[in-house]
Amino acid sequence: MSKREVRLMQGNEACAEAALYAGVKFFAGYPITPATEIMEILSRKLPQVGGVFLQMEDEISSMAAVIGASIGGLKSLTATSGPGFTLKQENIGYAAMVEIPCVIVDVQRGGPSTGLPTLPAQMDVMQARWGTHGDHPIVVLCPSTVYEYYTLTVQAVNFAEMLRTPVIVLSDAIVGHLREKVVLPELGELKIVNRKMTTVAPKDFLPYKADEDGVPPFVNYGTGYRYHITSNNHDEGGFPATNNHQIADSLLRRLHDKVEKRRSEIVITEEIMTEDADVIIFAYGCTARSAYSAVEEARKKGMKVGLIKALTLWPFPFEVLLKYSKQAKHVIVPEMNLGQLAGEVERTLKDCPVKVTRLNRIDGRMITPEQIVSTISEVI
Amino acid sequence: MATHVSEYLRLDKMPHIWCPGCGTGIILGAVVRAIAKLGYKRDDVVVVTGIGCSSRTNAIIDFNTFQTTHGRALSFATGFKMARPEMKVIVITGDGDGSGIGGNHLIHTARRNIDITTILVNNGIYGMTGGQYSPLTPRGCIASTAATGTMEPCFDMCELVKAAGATYVARGTAYHATMLEQLIAKALEHHGFSFVEGIAQCPIGFGRRNNQKTPVDMLNWQKDHAITIAAAAKASPEELAGKFLIGEFVNKEAPEFSDVYWEASRKAQQKVKEAR
């Protein structure tokens, strides 16, 4: 008998429940619509499981506390929206540089600045990639359904722990506030990853000496391993090496390589009705919902249209696009911004005989299936 | 004593980055001697810093140490302390780091009364970036961004954190190093948010622009202008003119944040168990 629980759930609720499922024991945040439900739920549930919930004085300190708790050994997560995401960026870069796992949920709303409080948008795609300064790696996952919001939040925690890097869950006001039926996974059904711990003795321990996979094993403070963490360029011992060009080069390359090495695990996409498709819709997040309806509608009309749904936005899933570069004649990229991911699609297909068409909407309303069907008709 | 202190230092990470005559090392010496005297195990102590000259202290002391972003050490430390309540958490910050960019976190951490000891090294200037005025530079002093003297008044940090709810507040100076060590020891033993301001000299960033040509001049200035709280109580207004107070301003008990949190968590867990 399956013990799976069936619930009508809001997206943000699924995210909070998934965080607990993944073993998150620390949340720090600051109220912001449309993300606040995540902190409200965790404020009740984390104390019940011996975890920590903190409402901090601002977005910056929330991000700092999350990293501090993760240095303390707890799986840690925070949630925010565009303006708050911007404030967190410096500390996200810190986490990337010092390789401390953490998850940041950004429930996107229209911007720039306070913009459209709090109508949906997909305008943080590039902020998620390049929001913090410096040439850093990042993993960004993007759900289009409440169930995906659940599974991708679990994945985000897993990836963060596996890679020792910040991972972004990039949802939006639609998916965040949507209520859908969800069949919750049983305990043990989804894989849970914990950070790799060191096996060497304190005298031999170097906190930033990476294994073959590019990831250095972690060790908790207070266990006989005293070490230093700094976001300055640092050697394997963890101490500043700001005048060493060779170390600067190899550290930054390793940070990128450890993510690239795990591409096949991290890059998640779905191909729907693409086998014979002449036209591919490349969509993500709430827009993938409209794209799915549009594909069904177009198929009824006899048009050979398929959908590639990107669940991982960064690293950008170019492989799946190249797979269809000979088969498809057109790729349509609908998104609620002025082409933030379309640029990557164009870059991927620039030498292929495929025409890329952008479909953009930035007025705080969803792109409708009708709009997509109409664009399909235009390109065919 | 010297041998004793060196046990707590990462001697292989010397030399430090500070200029000759800098007061930060004297404040750090007081911190390390206080820890040594209290007999804390090096493994049980975590020292968190931000950015600035004073924040480079923790690379050369042999505890669990992490240097964070500018102004945010207390927020990182708050997350860490909640994750690892059994550890002794110390934040070392400066006047720019702690009262400027990190001022908001300082007052809120004081308000929460979480069990973290903060040492604020106040040299009245942004030293690492070359001598710009900070929120603690006295009005009228010359800085690289105030050629004719600062036009802004400065904070009294002890009064500020006292008003914000800190349960232990004290001030010492690099000149009164032994007294400073005693104040820091009391702060470390205090259960709740404790704050010690250590007045330090910055001969390069501050002194040479402000008629205090040598580190000794600056230490003498501290000696001549500091007055203990006890002595000030008996002094006339004329004797107090231009002086600043040193000693213990606040030492009181109040519910400590993580105690309150874990008690609430224990009840919440009990309630869930009973509901099953």
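- In this structure, chain A has no heavy atom under 4.5 Å from any part of B:A264.
- For A:V52, the parts lying under 4.5 angstrom from a heavy atom of chain B are both the backbone and the side chain.
- In this structure, the portions of B:R72 lying under 4.5 Å from any heavy atom of chain A include both its backbone and its side chain.
- Classified by interplanar angle (parallel below 30°, tilted 30° to 60°, perpendicular above 60°), the ring pair B:Y8/B:F63 is tilted.
- When each of A:I71, A:L54, A:N220, A:T223 is scored by its heavy-atom pairs under 4.5 Å with chain B, the top score falls to A:I71.
- Using a 30° and 60° split on the angle between ring planes, A:F205 and A:Y227 fall in the perpendicular class, above 60°.
- Counting heavy-atom pairs closer than 4.5 Å to chain A, the top residue among B:M82, B:Q270, B:K267 is B:M82.
- With a 4.5 angstrom heavy-atom cutoff, B:R112 touches chain A only via side-chain atoms.
- Side-chain contact check for B:Q67 and B:T49: no donor-acceptor pair (N or O, by modelled atom type) lies under 3.5 Å.
- Side-chain N/O atoms of A:E59 and A:T80 include a donor and acceptor closer than 3.5 Å.
- Checked by atom type and distance alone, the side chain of A:S61 never pairs as donor or acceptor with a backbone atom of B:S75 at under 3.5 Å.
- Of all the listed residues (A:K25, A:H228, A:Q48), the one sharing the greatest number of non-hydrogen pairs under 4.5 Å with chain B is A:H228.
- Contact tally against chain B (heavy-atom pairs below 4.5 Å) for A:N91, A:L74, A:I67: the top residue is A:N91.
- Top candidate by heavy-atom pairs under 4.5 Å with chain B, chosen from A:S62, A:G50, A:S70, is A:G50.
- For chain A, the nearby part of B:Y261 is the side chain; its heavy atoms alone come within less than 4.5 Å.
- Two residues are said to be in side-chain contact when any heavy atoms from C-beta on lie closer than 4.5 Å; A:M63 and A:Y94 fail this criterion.
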Side chain to side chain contact (heavy atoms under 4.5 Å, CB included) between B:S54 and B:I27, intermediate numbers included: CA-CA 9 Å; B:S54 59; B:I27 310 288; over 6 Å; no

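- For the set B:V46, B:T78, B:T68, B:D44, the count of heavy-atom pairs under 4.5 angstrom toward chain A peaks at B:T68.
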Step-by-step side chain to side chain contact (heavy atoms under 4.5 Å, CB included) determination, B:I60 to B:M14: CA-CA 7 Å; B:I60 58 165; B:M14 300 289 186; 3.9 Å; yes

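- A:Y221 touches chain B through backbone and side chain together, each having a heavy atom under 4.5 Å away.
- A side-chain donor from one of B:R10 and B:T65 sits under 3.5 Å from a side-chain acceptor of the other.
- The backbone N or O of A:V98 sits less than 3.5 Å from a side-chain atom of A:Y208, completing a donor-acceptor pair.
- Of the listed residues (B:H105, B:K273, B:H108), the greatest number of heavy-atom pairs within a distance under 4.5 Å of chain A belongs to B:H105.
- Heavy atoms of A:F53 lying under 4.5 Å from chain B belong to its backbone as well as its side chain.
- Heavy-atom distances place both the backbone and the side chain of B:D62 under 4.5 Å from chain A.
- Using a 4.5 Å cut-off between heavy atoms, B:R111 does not touch chain A at all.
- Checking side-chain atoms of B:N122 against main-chain N and O of B:D95 turns up no donor-acceptor pair under 3.5 Å.
- Taking B:T69, B:N64, B:T109 one by one and counting their heavy-atom pairs under 4.5 Å with chain A, the maximum is reached by B:N64.
- The candidate with the highest count of non-hydrogen atom pairs below 4.5 Å against chain A, out of B:A73, B:S265, B:A268, B:G71, is B:S265.
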